[in-house]
Chemist: 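Below are the structure tokens for one structure; questions will follow.
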Amino acid sequence: MTAYDTIVIGAGLAGLIAALRHAEQGQRVLLLAKGYGTTHWTAGCIDVLDAPETGDDPSAAIEALTVCHPTHPYASAGLANLVAALDRLRALCEAANYPLVGDLRRNVRLPTAVGALRPTCLLPAVMAAGDARQLPRAGSVHGTLVAGFRELRDFFPPLLAANLAVQGYAAQGAYLELPPTGRKRDFTSLTLARLFDQPEFRAHVGRQLRRLVKQNGYSHIALPAVLGLEHAPEVVRDLQAAAGALVFEVPTLPPSVPGIRLLRVLERAVIQAGGRLQIGAFVTQAKGRDGRLESVSTAAAARQQRHHAERFVLATGGIAGGGLRAEPSGELRETALGLPVRAPEHRAAWFSPRVFDGAGHPAFRAGVAVDRRFRPLDLADGVAYTNVVVIGAALAGVDPVREACLEGLALATAWAASDIG
Amino acid sequence: MQTVATDVLVIGGGATGVGCLRDLAIRGMRAILVEKGDLTHGTTGRYHGLLHSGGRYVVKDPQSATECARENAILRRIMPHCLEDSGGFFVTTPWDDPDYADRFLAACHATGVAAQEIPVAEALYREPALNPRLSRVIEVADGAADSFLAAHANVASAREYGASALTYHHVVELLHVDDRVVGALVEDLRSGELKRIEAAWTINAAGAWAGRVAALAGVTVTVTAGKGTMVAMNHRMVNTVINRCKMPSDGDIIVPIRTVAVIGTTDTPVPNPDVYAIEPEEITFMLEEGAKLIPGFASYRALRAWAGVRPLYQEEPRLADGLRDAENRDISRAYKLLDHERRDGVSGLISIVGGKWTTYRLMAQETVDRVAQRLGNNRPCRTHAEMLPPPADEKPPTGGDASRFFWLGKPLADVERAADYGDLICECELVTREQVQAAIDGGAANLDDIRRDVRVGMGPCQGGWCIYRTTALLFERIANAHDGDATRFAAAIRNSNAALLHFLQERWKGVQPVLWGDQLRQARLDELIYVGVLGVQRLGDLAESGDAVVTDHPAIATERLE
Amino acid sequence: MGAGDFIERSLTQSLDHCIKCNICTTVCPVAAVADLFPGPKYVGPQAQRFRRADQPVPDVSVDYCSGCRACNMACPTGVHIAELNARARAQIVAEQGLPLRNRLIARSELIGRLGNGPHAPIANWALRQPLMRRTVEYALGIAREAPLPAFSASTFRAWFRRRERQMQPARRATQSRRQVVYFHGCATNYYEPHVGKAAVAALERNGFEVILAKQNCCGLPLISNGDFATARRYHEANVRKLLPYVRQGIPIVGTSTSCTLTLKEEAPAILGLDGPDVRLVSAHVYDIFEFLCELADRGELNTDFRPVECMLPYHPPCQLRAHRIGLPAVDVLALVPGLRLVESHADCCGIAGTYGLKREKYQIGMDVGAQLFAFIRDSGSDLALCDSETCRWQITHGSDVATQHPIEILAEAYGEE
């Protein structure tokens, strides 16, 4: 019923930050999303770009990319927009008492739940002590304790510690005793996070950690990223104080508690700024005229609900997010607005036979092609809708997982696209 | 070098091999089985799981049909816990000759295959997803068989009788004394050690690989590998085996087994049983054929595709005449017992080739009859009468027929009863931590073995979550065994990394042919997890096969692409 | 393939969309507080692969699903989790029978009829007595603390008929061209006629003649307790009764979000009912604020409001969210000068129809609702708004704050007393 200025489709990082930006500009904003998505699946860090060739400097890597791959979405977004978006996000998280740390000029390598070291750019402060450069090496008097709970199926300390150890770090794994709770079974990452929000629970864990630190002289403690849903920094502070060592979170298998924390910060910010979220709204139809999108319809009980706006932001994600879907016939389509998708012509060329082919799989670089202002292009390279922008993982020409740029891409393109037009 | 002596050496850990092992053991012969990979590593673990009623062969191969019908009844008696009594329909679709059903019924009658025509409406009531345009439906006693479980049950039973089975033991050469095969030199792929197994008789039950084993004795056995491709669908849209009522052909059967429905198969000869690819056209064709049985078939979610190689025995033209002796005449055309002493002048070796899973017991019986006779053992076969032991955690079946068979809801009922849903490692297939650990302790050499044992990673997410978990459990078990030994501990993590990467690559081969729709979305989410969140692609330099973990040995590569 | 097959397939086949990501479990209010419930993914698309209509029911934990549909809303892939769960529960009921307690609370109409009328004060008094409640808990398994509504001395229908008789001549003179059927549901009829009165007032203020069609219980309590056979009869009866109106294009407007959702979608989809009549009725059913919103969109909403100076906490109930129509009450009430609604972002109040009444689930319901009760209490308001009746009773029970249907505030803004 409300006439909206901007409708954003998609509740991932790109959609949320775009909704926030528009709402903060004083627009009436509606965010429609089929459900949640990528925030629950990722590590909860802000990956900007894996940058092995520029000495782990993602900003330099983006500048290099702008020159070598002018069609890469980062090239259109520009570094300045990324910087601005990162600044906004940092300020937001800071204000929500969930600070992010990191530097656009230097990636940090953090241990994963298997003990590989993955690069990221901004990270929640509660993960900061996991910076591989700071972790004690083998032979040092200190070491890293990797601790967890048997009851959690998504994090295994011995495996993580052993892989750190073969990479030359001093690390040992241990299982902790789960503090007494009213729950007897089924401890998911989120249940544990809620339990860690309770001071008694974390005090119990803190005492166990203290004992282990005293025995073995650990300087660092890695724990699964379940250290509180609402009070993570406090939880980490309390655990550090109790244990007498630096504590850091390591992301678990999905669902990702750090991702959910980010989502909550952003959702609240959008609502605070006057935006409205409608989760569970699946966009099934789009109506346009004369190169402008007039309305989208979402599936409601017994009928379609139509939504009008001046401007639409498509942030529905890639294949995982549901923004792109492949038919058995070997055709990829964009699911919300029916925009043309750029993909390898034949299904035979979609995948490499090696699952971890360094170049990734061509199908995962498929997406919607856009002009420099992020407006979608039709197959003749004309602008399909002048009042639509496409942002995030729905864009063609990038594999955000392999390039380790999922969040950076979302932020930069969301920011750039809301500045234009 | 370790040397072991036994009466009979069985080569091949598929259905036939384990069947022979059990039969030998029950009759009191000492027997050792060697398998280059895991049990059921070859064709047995790669078939659609159909327990034939015999219907499929009534017209084309009546003798096989009769054998299947008899064996079907026996297997229902001796291994109900490995079988699902799903029943089967032969249905006439608008694409099939409507008169074939009459021929079919007559042939069923002639071959002793129980069959009864039922009203189409009744069939549709029982299976609402079926094509409503069917014109005739004939009900038969098809079923579904868990070939992994059955192989393990056979080996467990054989062990109780004193036999042993060695997996990851690859036959390097056959031992000869003059023209007599007297055992084999085998390599333990886990440790790299060589072992001598001396045996009075050697049974070559290597299936599609039987030609290679025979060649080690200088004997030519031509087994053509017939590649059969299958696709597993995410859930059972039917609970009855559905066959097209026509001459057997490609993509004409849907087998509901465990949580999935398998459509099969194709039949393409391939020159090398280890080297073949799944062609996109095969998948397309099968989905199209599936739609004739179940409208909208392609819109259901496909989980993965795989292929097995049928061991198709080709009679040697130059020897064919010589083979027509009294002893061979009574053997079915579907499988062949090759007594190399008579055939090639090489004694001590017998090959059993061809056949199908449903008749494995009969094939074993006939093979062991021959060996027993040579060894002067005249105890009769009892495998048709003696029940196979159910797994340790399962009470022996009681009550009526229905409760004896495996039923779909059983794994869920077990988890619910124990309320251990918080301890599920593989959530899709409801595999608990305890089950995974038991599979590891049982000697799994890699994650694929654990998959075969307990179905980890076989559900919709194809290992998205459980394979990380299982790797960690595998590592914890191996590492515990090496507590205190730093070098072996370091090897343990490298081995575990190799197991993880190996499994993910194996899985990729299976899912890649069916990546669209939901399964593509799943694959991308799995990639987000393994590449994005876990960064396992960065473990490449830290991964190494070895010790107990076997991942990259050329002897066990299947479905390899070149 | 007929449309019926399509609904059928889209429901059962929707399990194929599950990519096991567990997002549903993270938003499940029951799984958050109770480890007896392994979560929507487990009992929904995961367990579904192990179920077969003609074999024994393998699971029991699905009974702890409250049916709130938070999972459906959050699922990025479109699995009809709540519907799968409802069906699974029905299979349990079909196999094991419905406990007397569930049989009773599923018949809201029958209970309403029993308690309603001149003896209502006695019934209400009796149900407030601790001894009586203990007996009821012991005998029937209805938690003694659970919020039971008070019977009204006179039904809504009786009031409407009386009024109709009084107004008849006057109204005939100014007969409006536009008509709506009001679907009041059991709660309005037997417990809260004031909600119905407000709805009638608001609709009439917009120039509609309100028709009180024959109707019966929508059957939702039966669906959520797994008695599909009776639910089917109920829905078919409603379709028969409403069909003559929808055939003339007259919309059906309801104030109970759960009744309207059942008529629109739940009954056809979960019970596997379909056909042109069912679909026609479904297509004509509106939540009252959804209906008013559409009027506003067309510029036809009477916005002659008098100011209502207050700020009220508002909880959009799960059943409203399941309509997937946004927040029409917020949109319409935003037009009332001085009135501001503060939306709760709490998951669920915990009652989920009859779920929170049950002895073994009462505490789960209260734990689920705790966040919402705190929000309502902390608002400092002495009045809260919520579109769904059982939720209103639960909110009042949990927070001690009176709770009204938003239509009552709208009626007030229209100048009704």
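Everything numeric in this text was worked out from a predicted model, so none of it was measured. Below, chain A is the first sequence line, B the second, and so on; all start at residue 1.
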Chemist: Less than 4.5 Å to any heavy atom of chain A: does that hold for the side chain of Leu474(B), its backbone, both, or neither?
Modeler: neither

Chemist: Determine yes or no for a side-chain-to-main-chain donor-acceptor pair under 3.5 angstrom, with Glu327(A) supplying the side chain and Gly517(B) the backbone.
Modeler: no

Chemist: Where along residues 426-434 of chain B does a heavy atom come under 4.5 Å of chain A, listed by residue number?
Modeler: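 When heavy atoms of chain A are the reference, residues 426-434 of chain B contributes Glu427(B), Arg433(B) within the under-4.5 Å range.
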
Chemist: Quick check: do Leu520(B) and Phe364(A) have side-chain heavy atoms less than 4.5 Å from each other?
Modeler: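 They are in side-chain contact.
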
Chemist: Just wondering, do Arg469(B) and Phe155(A) contact through their side chains at under 4.5 Å, heavy atoms?
Modeler: no

Chemist: What part of Ala419(B) is in contact with chain A, defined as an atom under 4.5 angstrom from a non-hydrogen atom: side chain, backbone, both or neither?
Modeler: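 Both backbone and side chain of Ala419(B) come within 4.5 Å of chain A.
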
Chemist: Would you mind listing every salt bridge (charged side-chain N to carboxylate O under 4.0 Å, His left out) that reaches into residues 351-366 of chain A, with sequence neighbours excluded?
Modeler: Arg365(A)-Glu403(A)

Chemist: Mind ranking Gly321(A), Pro251(A), Gly318(A), Ala348(A) by heavy-atom pairs under 4.5 Å with chain B and telling me who comes out on top?
Modeler: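 It is Gly321(A).
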
Chemist: Is Asp423(B) paired with Arg153(A) through a side-chain N to carboxylate O contact shorter than 4.0 Å?
Modeler: no

Chemist: Do NZ/NE/NH1/NH2 and the carboxylate oxygens of Arg524(B) and Asp399(A) come within less than 4.0 Å?
Modeler: yes

Chemist: Within residues 535-542 of chain B, which positions have a heavy-atom distance to chain A below 4.5 Å?
Modeler: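 Listed by number: Gly535(B), Val536(B), Gln537(B), Arg538(B), Leu539(B), Leu542(B).
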
Chemist: Report, in residue-number order, which members of residues 157-185 of chain A are under 4.5 Å from chain B by heavy-atom distance.
Modeler: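 Listed by number, the contacting residues are Pro158(A), Leu159(A), Ala162(A), Asn163(A), Val166(A), Gln167(A), Tyr175(A), Arg185(A).
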
Chemist: Is Leu515(B) in contact with chain A via its backbone, its side chain, both, or neither, using a 4.5 Å heavy-atom distance?
Modeler: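 It is both, since atoms from each part get that close.
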
Chemist: What part of Leu528(B) is in contact with chain A, defined as an atom under 4.5 angstrom from a non-hydrogen atom: side chain, backbone, both or neither?
Modeler: both

